[in-house]
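I have placed the structure first, in the form of structure tokens, so that the comments after it can refer back to it.
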Amino acid sequence: NAGVTQTPKFQVLKTGQSMTLQCAQDMNHEYMSWYRQDPGMGLRLIHYSVGAGITDQGEVPNGYNVSRSTTEDFPLRLLSAAPSQTSVYFCASSYYQGGGYGYTFGSGTRLTVV
Amino acid sequence: SQQGEEDPQALSIQEGENATMNCSYKTSINNLQWYRQNSGRGLVHLILIRSNEREKHSGRLRVTLDTSKKSSSLLITASRAADTASYFCATPLPTGANNLFFGTGTRLTVIP
């Protein structure tokens, strides 16, 4: 049981390049989400999904696309990387835990856009 | 301003002392959660407290919730160097769908 797996762990992109951050979970959680973490700003929600085939925007969706073709996978695509997208990206899946939904996080992808 | 902000921003204590972190939020919630993040790692779920609970314990952790003041506190007793981490409270976003809002966190340093 690996939990939430994110790849790659580190990535450097040039401005204008595109790439996909991978996220997979093996816990059969319906809910998955992507956050970015910047110094002094906490975590901000980018996109989320409540199940296969269903996605929606979070607080900061511009410049990112997602899809959810299976319950296990929730990739995040950067369409045309910009320096403002330099950040640490976390994927999470959610499970019911007696009164609310707790999150299991991946270990993150540290992205630098130059 | 946003839902869920932690206070203080940073806290430094000696090993063996207790550490208290606070969280304030704006809107009504049905639960509040605390997470820990070690440097360079993902967040780890510590505890969830429901809106009808006032206090909850888990090992050396004690969480309180005061819905009338819209605040919560996390107490770590008998701290250890391994408790050094950032601690975040998380509250449900009004958008629903299990979305959580995370504050900027409290950076705890436990000095051996």
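Just the heavy atoms: all of them, side chains too, but no hydrogens, waters or symmetry mates, feed the values below. Proteins come first, then strands; the chains are lettered A, B, ... in the order of their sequence lines, and each starts at number 1.
Residue A:Tyr103 touches chain B through both its backbone and its side chain, counting heavy-atom pairs closer than 4.5 Å. Looking at A:Ser94, only its side chain comes within 4.5 Å of chain B, counting heavy atoms on both sides. If you measure heavy-atom distances from A:Tyr95 to chain B, the contacts under 4.5 Å come from the side chain alone. With a threshold of 4.5 angstrom between heavy atoms, B:Gln37 approaches chain A through side-chain atoms but not through N, CA, C or O. Interface residue A:Tyr35: only side-chain heavy atoms are found under 4.5 Å from chain B. Contacts between A:Gln37 and chain B at a heavy-atom distance below 4.5 Å involve the side chain alone, from C-beta outward. Only the side chain of A:Leu45 comes within contact range of chain B, with heavy atoms under 4.5 Å apart.
Under a hydrophobic clustering in which Ile, Leu, Val, Met, Phe, Trp and Tyr are joined whenever their side-chain heavy atoms come within less than 4.5 Å, directly or via other members, B:Phe101 and A:Tyr48 fall into the same cluster. No chain of hydrophobic side-chain contacts below 4.5 Å, direct or via other Ile, Leu, Val, Met, Phe, Trp or Tyr residues, connects B:Leu48 to B:Leu93. If you chain together hydrophobic residues whose side chains sit under 4.5 Å apart, A:Phe74 and A:Phe105 never meet in one group.
Using a 4.5 Å heavy-atom cutoff, the side chains of A:Leu43 and B:Phe88 are in contact.
By the neighbour-count criterion of 12 heavy atoms within 6.0 Å, atom CD of B:Gln9 is sparsely surrounded, having that number or fewer from other residues, nucleotides or ligands. Residue B:Arg107 places its CZ atom among more than 12 non-hydrogen atoms of other residues, nucleotides or ligands, all under 6.0 Å distant. In this structure, B:Arg41 places its CZ atom where only 12 or fewer heavy-atom neighbours from other residues, nucleotides or ligands lie under 6.0 Å away. Surrounding CZ of B:Arg60 are more than 12 heavy atoms belonging to other residues, nucleotides or ligands, all under 6.0 Å away.
Looking at B:Gln33, its side chain does come within 3.5 Å of a backbone N or O of A:Tyr101 through a donor-acceptor pair.
To the nearest 0.5 Å, atoms CG (B:Asn98) and OG (A:Ser33) are separated by 9.0 Å.
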